[in-house]
J.: 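A single structure is presented below for examination.
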Amino acid sequence: MTRPAVLFVCLGNICRSPLAEAAFRAEAKRAGLAVAIGSGGTSGEHAGDPPDARAVRTAAKFGHDIAGYRARKISGEDFDRYTHIFALDHANLAALQRLAPAGHNVHLALLLDVVPGLAGRSVADPYYGTEADFAVTWEEVALAARHLVMQLAVQAE
Ligand code: 4NP
């Protein structure tokens with residue numbers, strides 16, 4: 001099997017998907033899973049920006065340094081680079097479906113689809129919320145990261 005490459009996608013790539021990337025990086029490392037990992041946004045509005053300060057603080061609280069991450073707008077070429085693309089919510093899944101080249105081979109889904117009982121659910125956007133909302137985001141993406149690593153580890157066997 002080819003080495004998996006996983007991309008997490010939200011709107012701005014400054015709040016949810018950087019947290020998902022950090023949580024998944026840590027879980028994959030813990031599990032010794034060989035996987036390429038990235039994140040991006042469907043909007044280019046924050047391209048080049050570091051993550052939101054609240055996301056940086058939340059990641060730090062859980063032991064992860066994401067201050068060096070920089071936002072990037074995704075493109076159709078990401079469907080050549082990644083084997084799995086996970087949208088953090090329905091709106092971004094729809095945007096990805098519009099961007100997807102015909103006949104692509106990527107596993108495209110909502111991130112919470114990997115969590116039993118949470119399929120079809122969006123990770124709530126904390127951008128207009130409080131730091132407590134970012135902690136909820138962290139819990140959701142960390143849970144998804146654990147399930148996703150388990151699933152990819154089984155497939156790699
Ligand atoms: P993200 O959060 O998609 O989780 O990075 C947002 C970032 C920026 C905006 C909205 C959500 N915005 O409206 O600029």
Side-chain angles (χ1 to χ4, degrees), residues 4-29 35-101 104 106-149 151-152:
V6 179
L7 179 67
F8 301 96
V9 178
C10 60
L11 180 66
N13 192 209
I14 57 168
C15 298
R16 291 165 291 174
S17 61
L19 291 176
E21 178 180 343
F24 184 71
R25 259 184 207 292
E27 282 300 323
K29 189 173 175 191
V35 55
I37 306 166
S39 66
T42 56
S43 153
E45 196 176 332
H46 292 276
D49 290 353
D52 186 284
R54 298 165 295 177
V56 173
R57 283 195 296 271
T58 300
K61 226 182 282 176
F62 292 94
H64 310 279
D65 180 5
I66 65 168
Y69 287 19
R70 291 296 178 267
R72 175 179 77 84
K73 184 181 182 182
I74 57 148
S75 75
E77 287 176 12
D78 286 302
F79 285 81
D80 298 326
R81 298 190 188 114
Y82 289 92
T83 58
H84 297 67
I85 300 182
F86 290 102
L88 276 282
D89 65 19
H90 283 277
N92 288 296
L93 179 60
L96 282 159
Q97 284 161 344
R98 287 192 293 273
L99 195 65
H104 76 81
V106 173
H107 176 92
L108 175 61
L110 285 170
L111 178 60
L112 290 181
D113 283 352
V114 304
V115 183
L118 296 185
R121 299 261 294 268
S122 288
V123 173
D125 183 356
Y127 186 68
Y128 293 104
T130 66
E131 201 120 341
D133 296 307
F134 279 76
V136 171
T137 303
W138 176 264
E139 296 298 343
E140 290 180 344
V141 300
L143 179 65
R146 286 196 289 277
H147 282 277
L148 183 55
V149 165
Q151 290 165 21
L152 292 174

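Order of listing sets the numbers, starting from 1, for every ligand and every atom in it. What you see is a predicted model, and the numbers here were worked out from it, not measured in a lab. Scope of the values below: all heavy atoms of this structure, side chains included, with no hydrogens, waters or symmetry mates.
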J.: Is the number of heavy atoms from other residues, nucleotides or ligands within 6.0 Å of NZ (Lys61) greater than 12?
T.: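 More than 12 heavy atoms, drawn from other residues, nucleotides or ligands, come within 6.0 Å of this atom.
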
J.: Are the side chains of Val141 and Leu88 in contact, using a 4.5 Å heavy-atom criterion?
T.: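 Heavy-atom side-chain distance check passes, below 4.5 Å.
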
J.: Distance under 4.0 Å to a non-hydrogen atom of Cys15: what atoms of ligand 1 satisfy this?
T.: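 In order of numbering, the contacting atoms are 1 (P), 2 (O), 4 (O), 5 (O).
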
J.: For ligand 1, is there an N or O atom under 3.5 Å from any N or O atom of His46?
T.: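 Looking only at distances, the answer is yes, because the N/O contact criterion of under 3.5 Å is met.
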
J.: Run the numbers for me: atoms of ligand 1, each under 4.0 Å from some heavy atom of Gly12, listed by number.
T.: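 Reading through ligand 1 atom by atom, the close ones are 1 (P), 3 (O), 5 (O).
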
J.: Using a 4.5 Å cut-off on heavy atoms from C-beta on, say whether the side chain of Leu143 contacts that of His147.
T.: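 They are in contact (side-chain heavy atoms under 4.5 Å apart), so the answer is yes.
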
J.: Heavy-atom contacts under 4.0 Å between Tyr128 and ligand 1: side chain, backbone, both, or neither?
T.: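 Tyr128 to ligand 1: side-chain contact only, backbone stays beyond 4.0 Å.
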
J.: Please report which non-hydrogen protein atom sits nearest to atom 12 (N) of ligand 1, along with the residue it belongs to and the distance in Å to one decimal place.
T.: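 The closest heavy atom on the protein side is Tyr127 CE2, 3.5 Å.
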
J.: If I apply the N/O under 3.5 Å rule, does Pro126 come out as touching ligand 1?
T.: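 No - when backbone and side-chain N and O of Pro126 are compared with those of ligand 1, no distance drops under 3.5 Å.
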
J.: On the 0 to 90° scale, with breaks at 30° and 60°, tag the His46-Tyr127 ring pair as parallel, tilted or perpendicular.
T.: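 If you compare the ring of His46 with that of Tyr127, the planes turn out perpendicular.
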
J.: Could you tell me the residue and atom name of the protein heavy atom closest to atom 4 (O) of ligand 1, and the distance to it rounded to 0.1 Å?
T.: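 For atom 4 (O) of ligand 1, the nearest protein heavy atom comes out as Arg16 NE, 2.7 Å.
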
J.: Hey, does Lys73 have a side-chain heavy atom less than 4.5 Å from the side chain of Asn13?
T.: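 No, every pair of side-chain atoms sits at 4.5 Å or beyond.
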
J.: Who's the nearest protein heavy-atom neighbour of atom 1 (P) of ligand 1, and how far?
T.: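 Sorting protein heavy atoms by distance from atom 1 (P) of ligand 1 puts Cys10 SG, 3.5 Å first.
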
J.: Let me see the working for His107 and Phe86 under ring-ring contact (aromatic ring centres under 6.0 Å, His included), right down to the final yes or no.
T.: CA-CA 8 Å; His107 176 92; Phe86 290 102; 5.8 Å; yes

J.: Among all protein heavy atoms, pick the one closest to atom 11 (C) of ligand 1 and tell me residue, atom and distance.
T.: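 Result for atom 11 (C) of ligand 1: Asp125 OD2, 3.3 Å.
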
J.: Under 4.0 Å from a heavy atom of Leu11: give me the atoms of ligand 1 that qualify, with their elements.
T.: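 In order of number, 3 (O), 10 (C).
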
J.: Mind checking whether Thr42 and Ile74 have side chains closer than 4.5 Å, heavy atoms only?
T.: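 Yes, their side chains come closer than 4.5 Å.
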
